[in-house]
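Scroll down for the structure; my scribbles are underneath it.
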Amino acid sequence: MHLTPPIRPQEAINRLLAALEPFATPVNAVPRKKLNWHYKGKQQLWLCKEGEISILRASDGLLMITVYEGHIFGVAEILQPMRGHVLRAETECSLSRIDAEEALRIFREQNLWEDVTSLLAYHTAYLAYRDALVLQQRTYAVIRNHLMEMILLPEDMRMRISILDYIQDRTHLSRSSILNVLSALKKGKYIQFIRGGYLQHIESLPEKF
């Protein structure tokens, strides 16, 4: 079964960004920099206009998702602070932060709760999608699902991360398990990748292998 990720509520995200950005503080972020949920003791929302931001599970560093488009991080943390995830900039990013209390004021005054709800629903749906990718799946199925996800990325992004790193960061499968499957898929001409393990093309992927 081929899993497809939930659809981003792009218009809702754009409206939230437009409302919050005039009150937010720009922040310089270099690649691999982790972002704090608090600044001077106050809870923060993070706004990203450009660049790549990853969400990692705090307990073990498992990469949950890398976001390549404009996004808002931390809304759920305002309402239900869990500290279960951390943010990490993967590239140079156009970032800003805003105090949570200020963001809540803007949501109320500009009647943006429907957009906030759309964003939170997307996050919930993505977590369910990600669980379906990896839980109670055989090794091949997990690798297949991530290859199908990876081929949807723009080519320049695929050329910056190897298949091995992409899958290992998101699953903790062993290096040997992943390489064995990739080698067999390439030999069977199901996929093409160049030196360094960068995914070029998927011809087709069997349901079982």
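All of these numbers come straight from a predicted model, not from anything done at the bench.
With contacts defined as side-chain heavy-atom distances shorter than 4.5 Å, the pair Glu92/Glu50 does not qualify. Side chains of Ile53 and Trp46 form no contact here, defined as non-hydrogen atoms less than 4.5 Å apart. Between Leu127 and Met64, some side-chain heavy-atom pair lies under the 4.5 Å cut-off. Taking the side chain as every heavy atom from C-beta outward, Thr139 and Asn180 never approach each other to under 4.5 Å. In this structure, the side chains of Leu199 and Leu153 stay at 4.5 Å or more apart for every pair of heavy atoms. Gln44 places none of its side-chain heavy atoms less than 4.5 Å from the side chain of Asn36. Here the side chains of Leu79 and Leu120 are in contact, with some heavy-atom distance below 4.5 Å. The closest side-chain heavy-atom distance from Leu133 to Thr171 is not below 4.5 Å.
For the pair Arg97 and Tyr39, the cation-pi test (distance below 6.0 Å, angle within 45°) is passed.
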Side chain to side chain donor-acceptor pair (under 3.5 Å) between His201 and Glu203, worked out: CA-CA 6 Å; His201 177 69; Glu203 185 64 34; 3.2 Å; yes
Test log, rule side chain to side chain donor-acceptor pair (under 3.5 Å), inputs Asp99 and Gln43: CA-CA 6 Å; Asp99 289 352; Gln43 178 91 17; over 6 Å; no
Full working for side-chain contact (heavy atoms from CB on, under 4.5 Å) between Ile161 and Thr66: CA-CA 12 Å; Ile161 183 168; Thr66 299; over 6 Å; no
Test log, rule side-chain contact (heavy atoms from CB on, under 4.5 Å), inputs His146 and Val134: CA-CA 9 Å; His146 282 82; Val134 298; 3.6 Å; yes
Phe107 and Leu20: CA distance, side-chain angles, deciding distance, side-chain contact (heavy atoms from CB on, under 4.5 Å) verdict: CA-CA 9 Å; Phe107 295 158; Leu20 295 172; 3.9 Å; yes
Full working for side-chain contact (heavy atoms from CB on, under 4.5 Å) between His172 and Asp60: CA-CA 10 Å; His172 289 340; Asp60 59 3; 3.9 Å; yes
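Rounded to the nearest 0.5 Å, atoms CG (Leu179) and CG (Leu164) are 5.0 Å apart. Atom SG of Cys93 is separated from atom CG of Leu47 by 12.5 Å, given to the nearest 0.5 angstrom. If you take OH on Tyr129 and OG1 on Thr4, they are separated by 7.5 Å, rounding to the nearest 0.5 Å. Atom CG in Leu112 sits 11.0 Å away from atom OG in Ser118 (nearest 0.5 Å). Atom CD1 of Ile178 sits about 4.5 Å away from atom CD of Gln168, to the nearest 0.5 Å. With values rounded to the nearest 0.5 angstrom, Glu101 atom CD is found 12.0 Å from Ile106 atom CD1.
Counting heavy atoms of neighbouring residues, nucleotides and ligands inside a 6.0 Å radius, atom NZ of Lys186 exceeds 12 of them. Heavy atoms from other residues, nucleotides or ligands lying under 6.0 Å from CD1 of Ile194 number more than 12. The number of heavy-atom neighbours closer than 6.0 Å to CD of Gln10, taken from other residues, nucleotides and ligands shown, is above 12. Under a cut-off of 6.0 angstrom, the local environment of CG in Asn28 is sparse, with at most 12 non-hydrogen atoms contributed by other residues, nucleotides or ligands. The neighbour count for Gln200 CD, taken as heavy atoms of other residues, nucleotides or ligands under 6.0 Å away, is above 12. Residue Arg175 qualifies as open at atom CZ: its count of foreign heavy atoms under 6.0 Å is 12 or below.
Transitive grouping of hydrophobic side chains (ILVMFWY, heavy atoms separated by less than 4.5 Å) brings Ile163 and Ile202 into a common cluster. Under the 4.5 Å side-chain contact rule for hydrophobic residues, Ile72 and Phe23 share a cluster. Both Ile98 and Trp113 sit in one connected hydrophobic cluster of ILVMFWY residues. Membership requires side-chain heavy atoms under 4.5 Å apart, directly or through other members. Both Ile167 and Ile191 belong to a single network of hydrophobic side chains, linked directly or stepwise wherever heavy atoms of I, L, V, M, F, W or Y lie under 4.5 Å apart. Criterion: ILVMFWY side-chain heavy atoms under 4.5 Å apart, direct or through other members. Under it, Leu147 and Tyr140 are part of a common hydrophobic cluster.
The two atoms that bring Cys48 and Leu95 nearest to each other are CB-CD2, 3.6 Å, heavy atoms only. Scanning both residues, Phe193 and Leu182, for their nearest heavy atoms gives CE2-O, 3.8 Å. Shown here for Thr91 and Gly51, the closest heavy-atom pair between the two residues is OG1-CA, 3.6 Å. In this structure, Ile65 and Tyr126 approach most closely via the heavy-atom pair CD1-CZ, 3.4 Å. The two residues Ile13 and Gly70 come nearest to each other via the heavy atoms CG2-O, 3.6 Å. Annotation for Ala24 and Pro26: closest pair O-CD, 3.8 Å, computed over non-hydrogen atoms.
With hydrogens and angles ignored, the 3.5 Å screen pairs no side-chain donor or acceptor of Arg15 with any backbone N or O of Asp115. Here the side chain of Trp37 pairs no donor or acceptor atom with the backbone of Leu87 at under 3.5 angstrom.
Classification of the His123-His71 ring pair by plane angle, with boundaries at 30° and 60°, yields tilted. The aromatic rings of Phe209 and Tyr190 lie perpendicular to each other, with more than 60° between the two planes, well past the 30° mark.
Residues forming a side chain to side chain contact (heavy atoms under 4.5 Å, CB included) with Glu155 (at least two apart in sequence, or on another chain): Arg158, Met159.
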